[in-house]
Amino acid sequence: MTTEANSQDDLLTIIDDTIELETTSKQQPCWRILVVDDDKDVHVATNLTLNDLIIEERPLDVLHAYSAKEAEEILQQEEGISVILLDVVMETDNAGLELVDIIRNKLNLTSIRIVLRTGQPGYAPEMDTIQQFDINDYRTKSELTRIRLFTILTSTIRAYKQIRQQLVMRQGLENVVKASTKLANIHGMRLFAEGAVKQISALIHIEPDGLICAQAGMLDDNSGAQVIAASGRYRGLVQSPLESIESDKIKHKLRTCLQQKKSSLDDGLTLYFSTEHGRGLAAYVDINRELDHTDRHLLEVFCANLSVGFDNVLLYNKLEEQAFLDPLLKVPNLNSLLEYLCSPKEHEDPANLALIDLDDFSSINDSFGHQFGDGVLKEVIDRLITTFPQCFIARVSSDVFAIIGPQQDVTSGRIIDLFEKDFIVDEQPFKICASIGLVELVERASELTGLFKDAQVALKQAKTHRRGGAVTFSQDMGQCARDRMHLLTQLRLALTKNALFMMYQPKYNLETGEVTGMEALLRWKNDDGQFVPPDRFIPLAEQCGMMVTIGAFVIQRSCEELHSLNQSGHNICMAINISPAQLEDSGFVSLLRYAIESTGISPHQLELEITETMAANNLEHICKVLKEVRDLGCKVAIDDFGTGFSSLSVLHKLPATRLKIDRAFVDAMEDDDSIAKMIVNLGQTLGLEVTAEGIETDAQLEKLRGFGCEEGQGWLFAKAMPFDELSELLASK
Ligand code: C2E
Ligand code: MG
Ligand code: MG
């Protein structure tokens, strides 16, 4: 016998097992044949013919029906019938064929093989009927000698066997797919493995007594080979090391399976699952019967599927880890913190959330290198964990940590104390300071993550007003932050809705009273028709990175309107205020050049106003950019001069052409005019032109004139006005 025939026989054993279970109490497997004929003699004759026949190694069990009706009843009650010998003409001329229709279409018995018999050759069914009803053979009764019947039955029983085999295999594969789908949504390694044991058992129809063992290092780097899931009688073994399994046989089988990376299907089932991770898993399942061909094939397919499943679980876990764990410090990250905040807590003790921001961390990185910076972070997290062992600790951004814990533990005092002692980094003592923002975790059910924002607001306050100290969040603070947020959203819209525009304040020659130029001032009229003062929205835009875009608008629009004035014959100068963010933007000079060239104004007509503080903060870079600005042909003024306390050396280095005396000193002139006078002198000494801002009274004007200040602006002359008004003003002069 060929191997294939052999394996088919194997298969048949299970097929028959199931048939047997479902149908008869007979011990010996046999082929059930149903003879349907209204002629009793045919039954007797068939019985005689089939008596003692062995087909495909089994005897026959013959059932009898004397009408189509009776046959239908038998077919409904009995199972495992493989062949029907069916008379065509019975109650009616067509009763046999009608029964065939019932068998195939009503009873849905597709595996049963049908051999039609008829007394007269004239009653042969049409060819297409034979095909349509899947009829195996058609014979006249006289043809059916013992030897003929034997041959026909042998071939039909073989056909039946094959159909059943395919059916079992298909059901098995369907089960594999179902099992895999069931497992596909499980992302926990243990749960997945537990499901796998159950599905393996179900697939080969046994009770789920089994366990799955993961190779050393699979779950984390320190674990040895370990039982990760078990069911049935092995349930108690979950999470114990492989070596602690009592049964030497199972222990040995699992160990060998993991070492050899191979499944073994004999003497208990040991299956190997390889993963891309490089480490595998071994499953052991009790089985007390020989596995047949179909079982083996199904297990093979299922193992391949499971390996992919295990890979997915590992991948999913890795992604989870990446999403929720800080890669450097292996502590929870911001996602994790937000999830923790939103998850329901068992203990209801009042808690605090503290955000701890290391002061000057970026300069530590810049000065000592990133490796040293990483070392600092590690030392800090270690100290946090030892000081607050029961608390939830996370790293929420590069140099900001979060602690959540009971209010009596997580106090600003304890956190500040923690930074008292030097940290040891690279074996060197190192002083680290931190600013702290605290918030009480009172549950405002609707927005728990809002608490994190509150803590950020408090931290921001600490960073700006109390570096190295702590600020606890208050509702006022929150309101203020929310207002700013609202303003910022509106400002973004304003930019797209053209709600931003320029106004111009003329500047005058104090001696002659002529208009010498103007300062372009940005205006924002909000949806309620109210003007939002630039002092309010410009610093905000600056903080939120919007100033580069807004500044670009200011430059372009001012140049366009200056061009319009040029066209009307007014070749005057215009001052434009520039923010620090604009000067730091690498595209600034080309943007300025584009505005000049595209509008066709002369660069000499432009004066850029920067503040003293801006220059003092980043002198080298600012000087470089301003030199390029000067090379373009534009002038540079230092705005609000006298308020920034910059040193004279800074002033000397800046390629400036003008000083603007801050309004505060002009205001103060009535009581004390010394500063205004000094600035005018300073300008003259350094060869800079001087403008006085905010002249409101004749007295101020007189004095400034007396000091030799050439230019001024202020409400005494004119307030900032819309472009049209400015055009009229210039036209009237
Ligand atoms: P600034 O550059 O010092 O502008 C002068 C400010 O003083 C203007 O306020 C102007 O309207 C106001 N002012 C002028 N004369 C008088 C006066 O006689 N009395 C009083 N009390 N005030 C006077 P404004 O327009 O509210 O601008 C405030 C600040 O906003 C400006 O100060 C400037 O720093 C900034 N700013 C305005 N427009 C822009 C802009 O387009 N870009 C940038 N970066 N900043 C701008
Ligand atoms: Mg200005
Ligand atoms: Mg000013």
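One-based numbering along the sequence shown. Both counts, for ligands and for their atoms, begin at 1 and track the order of listing. Treat the numbers as computed from the prediction; the structure is a model and nothing was measured.
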A.B. asks: Applying the ring pair (Phe, Tyr, Trp, His ring centres under 6.0 Å) criterion to Phe430, which one of Phe372, Phe419, Phe423 satisfies it?
C.D. replies: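 Exactly one candidate clears the test, Phe372.
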
A.B. asks: Where does Asp640 meet ligand 1, judged by heavy-atom distances below 4.0 Å: at the side chain, the backbone, both, or neither?
C.D. replies: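 For Asp640, only side-chain atoms sit under 4.0 Å from ligand 1.
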
A.B. asks: Yes or no: does Glu696 have any heavy atom under 4.0 Å from an atom of ligand 1?
C.D. replies: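 True for this residue.
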
A.B. asks: What distance separates His621 NE2 from Leu583 CG, expressed to the nearest 0.5 Å?
C.D. replies: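 The distance works out to 7.0 Å.
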
A.B. asks: Of all the N, O or S atoms in Glu609, which one sits nearest to the Mg ion (ligand 2)?
C.D. replies: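 Closest N, O or S atom of Glu609 to the Mg ion (ligand 2): OE1.
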
A.B. asks: Taking everything shown except Gln479 itself, do over 12 heavy atoms lie less than 6.0 Å from its CD?
C.D. replies: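 For Gln479, atom CD is crowded (more than 12 foreign heavy atoms under 6.0 Å).
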
A.B. asks: Side chain, backbone, both or neither: which part of Ile538 comes within less than 4.0 Å of ligand 1 when only heavy atoms are counted?
C.D. replies: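 Ile538 to ligand 1: side-chain contact only, backbone stays beyond 4.0 Å.
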
A.B. asks: Have a look at ligand 1 and work out which part of Val554, if any, has a heavy atom under 4.0 Å from it: side chain, backbone, both or neither.
C.D. replies: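 It is the side chain that gets close, since no backbone atom is under 4.0 Å.
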
A.B. asks: Out of the candidates Glu710, Glu711, Glu609, only one should pair with Thr691 under the side-chain hydrogen bond (donor to acceptor under 3.5 Å, both in side chains) rule; please name it.
C.D. replies: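 So, applying the side-chain hydrogen bond (donor to acceptor under 3.5 Å, both in side chains) to Thr691 and each of Glu710, Glu711, Glu609, only Glu711 qualifies.
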
A.B. asks: Can you figure out which of Met547, Glu693, Arg523, Gln505 has its heavy atom closest to atom 25 (O) of ligand 1?
C.D. replies: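 Ranked by closest heavy atom to atom 25 (O) of ligand 1, first place is Arg523.
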
A.B. asks: Specify whether Trp524 and Phe537 have parallel, tilted or perpendicular ring planes, treating 30° as the upper limit for parallel and 60° as the lower limit for perpendicular.
C.D. replies: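 Geometry flag for Phe537 against Trp524: perpendicular rings.
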
A.B. asks: Counting heavy atoms only, which part of Glu519 comes closer than 4.0 Å to ligand 1: side chain, backbone, both or neither?
C.D. replies: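 For Glu519, the contact with ligand 1 is made by the side chain alone.
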
A.B. asks: Under 4.0 Å, heavy atoms only, figure out whether ligand 1 is touched by the backbone of Leu716, its side chain, both or neither.
C.D. replies: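 Leu716 to ligand 1: no contact under 4.0 Å from either part.
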
A.B. asks: Can you tell me if Lys660 has a non-hydrogen atom under 4.0 Å from ligand 1?
C.D. replies: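 Outside the 4.0 Å threshold, so no.
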
A.B. asks: Roughly how far apart are Asp399 CG and Ile356 CD1, rounded to 0.5 Å?
C.D. replies: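 If we round to the nearest 0.5 Å, Asp399:CG and Ile356:CD1 are 11.5 Å apart.
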
A.B. asks: Quick one: look at Glu609 and ligand 1, take heavy-atom pairs under 4.0 Å, and tell me if it's side chain, backbone, both or neither.
C.D. replies: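 Near ligand 1, Glu609 shows its side chain, while the N, CA, C and O stay back.
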
A.B. asks: Test Leu659 against every option in Ile638, Asp640, Leu686, Val680 by the side-chain contact (heavy atoms from CB on, under 4.5 Å) rule and name the one that passes.
C.D. replies: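 With Leu659 as partner, Ile638, Asp640, Leu686, Val680 yield a single side-chain contact (heavy atoms from CB on, under 4.5 Å), made by Ile638.
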
A.B. asks: Quick one: which ligand 1 atoms are inside 4.0 Å of a heavy atom on Asp535?
C.D. replies: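 Selected atoms, number and element: 28 (C), 29 (C), 30 (O).
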
A.B. asks: Restricting to N/O/S, name the atom of Glu519 that gets closest to the Mg ion (ligand 2).
C.D. replies: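 It is OE2 of Glu519.
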
A.B. asks: Let me confirm one number: the OH-CD1 distance from Tyr340 to Ile393, rounded to the nearest 0.5 Å.
C.D. replies: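 Going from the OH atom of Tyr340 to the CD1 atom of Ile393 covers 10.5 Å.
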
A.B. asks: If the Mg ion (ligand 2) is the vertex, what is the angle to OD1 of Asn577 and OD2 of Asp639, rounded to 10 degrees?
C.D. replies: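 With the Mg ion (ligand 2) as the vertex, OD1 (Asn577) and OD2 (Asp639) sit 90° apart.
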
A.B. asks: Applying a 4.0 Å heavy-atom criterion (strictly less than), which segment of Ser579 is in contact with ligand 1: side chain, backbone, both, or neither?
C.D. replies: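 Ser579 to ligand 1: contacts from backbone and side chain alike.
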
A.B. asks: Counting each atom of ligand 1 from 1 as listed, which ones have a heavy atom of Gly714 under 4.0 Å away?
C.D. replies: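 Counting atoms of ligand 1 from 1, those under 4.0 Å from Gly714 are 15 (N), 18 (O).
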
A.B. asks: Of Lys719, Lys660, Lys507, which meets side-chain hydrogen bond (donor to acceptor under 3.5 Å, both in side chains) against Gln713?
C.D. replies: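 Passing option: Lys660.
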
